[in-house]
Asker: 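First, the structure itself, so that you have it in front of you.
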There are 2 protein chains.
Amino acid sequence: MADAIFDSRVEASAARDVTDLILQDILAGALMPGTWLKQVDLERRYNCTRPDVRRALDRLAQKRLVEHVPNRGYHVYEPDGRRAREVSEIRVILETAVAGTIVQNASADDVRALRKLAKHFDEATLNGTMLELYEANLAFHRQLLMLGGNIELVDLVTEIRQRTSSAPVSQWRTRARVEQSGREHHMMIDAIEHRDGTLFAELTRQHILQK
Amino acid sequence: MADAIFDSRVEASAARDVTDLILQDILAGALMPGTWLKQVDLERRYNCTRPDVRRALDRLAQKRLVEHVPNRGYHVYEPDGRRAREVSEIRVILETAVAGTIVQNASADDVRALRKLAKHFDEATLNGTMLELYEANLAFHRQLLMLGGNIELVDLVTEIRQRTSSAPVSQWRTRARVEQSGREHHMMIDAIEHRDGTLFAELTRQHILQK
DNA sequence: GTATCATAAATTGGCGCCAATTTTGGATAC
DNA sequence: GTATCCAAAATTGGCGCCAATTTATGATAC
């Protein structure tokens, strides 16, 4: 009864941070929006202590991935259309702003590295979990932004990405859309190879807004 | 001995969040970079319990305002030149990106409100604490960004502002520089009144980079 | 006089209990 | 049959103790 919302137990080492584990489960869709995260359940599922759980929940609440209701507990945020739109807008601003620098800085090695990560994403599309797909996508975009030369910006975009990912379903609604994303990655790399900053920026914009 | 680093005790209600109190003291310069934040001291200074202190320290560590060294404790981050530069760059990107929208959206009432906040900042320049100055400045920039229509962006900028503020001294080195900031605020408002988006964006850029 | 080591003090950090609040379930009245 | 109220179970959340580690202190040897 207590484990009702968890069907698959994972043998997790207490060493690895609980916050990341819960985060991953939210991103992967294992913990649906609206779900109440009961402390006893989390304690058992991630094989950790009560303070560990509470620290993790507090961190996730700070990141606004879960909401804390006093004396009621923590629950996964419902997807917020406005917020998702605004975060996308911010991503467009930040990622297109460094598009020029990226195109300038990218060496042949960088392009090869990007190609490899894009392929990883494609493979995850075929036979991978939702989480693997998410992480492959993240790795590609991080590597891309890294060429912008602003490390803080890389971390910032990585961070705000998580803010709307409480709705992984609405993000990648269909398999067709995911495959389209994969193709867009390669188109973006092509634009970098041809040193076409304007095209790369426009592709980035469309890729984020998914139009 | 235990209260060595704190010369002025403040009678703080336990209700108000300890995290904000510590944050304010760091921003105001009361807690200098490098200072080790001993849990017993904080406990006494903010008149709160041990778990309160630890939660606050964990949150500040997440925000990268303090660093956590296992079995050693938490200390205020040393100012990081590279990071400060990168954060400024990000702020320029974000705030100039919505400059056009701000100029378009600003009504006569909005301009009046901005003028009032700019005056508040000027007053704080004359006779106000470092913290009051910081908050007056923050209020002005928040009101400004609000006109951009992207609430998430307002919160994001407010958040990343805190990331480099562990060196409040290096930010506003001289009184002359602070007074210059006050004048720039009014120049920015003037640009908005004249609906000159390009000028407003450029003023914003210079204001952030402080050149 | 200085370096080294052992011992004591201080500090962090893990863990668990118990009170306060909320939710659930059932009994009773209408 | 339905609504209301009361009691029991469950859940959150505040608080403090104690072990592990680190730092400071002082004694001893060279």
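Letters go in sequence order (proteins before strands), and every chain restarts at 1.
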Asker: Of the nucleotides dT12(C), dT12(D), dG16(C), which one has an atom closest to the side chain of V40(B)?
Answerer: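 In terms of side-chain proximity for V40(B), the closest of dT12(C), dT12(D), dG16(C) is dT12(C).
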Asker: Closer to the 5' end of DNA chain C via nearest nucleotide, is it R54(A) or P70(A)?
Answerer: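 Whichever sits nearer the 5' end wins; that is R54(A).
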Asker: Do H141(B) and H207(B) have ring centres separated by under 6.0 Å?
Answerer: yes
Asker: Among the nucleotides dC15(D), dT12(C), dT12(D), which one has an atom lying closest to any side-chain atom of D52(B)?
Answerer: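 Of dC15(D), dT12(C), dT12(D), dC15(D) is nearest to the side chain of D52(B).
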Asker: What is the distance, rounded to the nearest whole Å, between atom CG of D41(B) and atom C1' of dT11(C)?
Answerer: 11 Å
Asker: Closest approach to the side chain of K38(B), judged atom by atom: which nucleotide of dT11(C), dT22(C), dT21(D) is it?
Answerer: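 Nearest to the side chain of K38(B) among the choices is dT11(C).
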Asker: Taking 4.0 Å as the cut-off, does a side-chain nitrogen or oxygen of H68(B) come that near to OP1 or OP2 on dG13(C)?
Answerer: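 Checking dG13(C) against H68(B), a side-chain N or O does come within under 4.0 Å of OP1 or OP2.
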Asker: Give a yes or no on whether a salt bridge exists between E179(B) and R175(B), defined as a side-chain N under 4.0 angstrom from a carboxylate O.
Answerer: yes
Asker: So does R50(A) reach the base of dG14(C) with its side chain, donor to acceptor, closer than 3.5 Å?
Answerer: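 Result: no qualifying N/O pair found.
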Asker: Measure the distance from CG on D17(A) to P on dG13(C) and round it to the nearest whole Å.
Answerer: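 Distance, rounded to whole Å: 14 Å.
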Asker: Nearest-Å distance, CD (Q39(B)) to P (dC17(D))?
Answerer: 16 Å
Asker: Measure CZ/R55(B) against C1'/dG13(C) and give the value in whole Å, please.
Answerer: 17 Å
Asker: Any side-chain to backbone donor/acceptor pair from N105(A) onto L147(A)? Under 3.5 Å, distance only.
Answerer: yes
Asker: Atom CG of L37(B) and atom C1' of dT12(C): how far apart are they, to the nearest Å?
Answerer: 13 Å
Asker: So, do H68(A) and H75(A) have ring centers that fall under 6.0 Å from each other?
Answerer: no
Asker: Are R72(B) and dG13(C) close enough that a side-chain N or O sits under 4.0 Å from OP1 or OP2?
Answerer: no
Asker: Whole angstrom is fine here: how far is it from CH2 in W36(B) over to P in dT21(D)?
Answerer: 18 Å
Asker: Is the shortest side-chain N/O distance from T49(B) to OP1 or OP2 of dG14(D) below 4.0 Å?
Answerer: no
Asker: Can you tell me the distance, in whole Å, between the CG atom of D58(B) and the P atom of dG14(C)?
Answerer: 11 Å
Asker: Distance check needed: dG13(D) C1' versus L42(A) CG, whole Å only.
Answerer: 15 Å
Asker: Quick check: closest heavy atoms across L156(A) and L94(A), and the distance to 0.1 Å?
Answerer: CD2-CD1, 4.0 Å
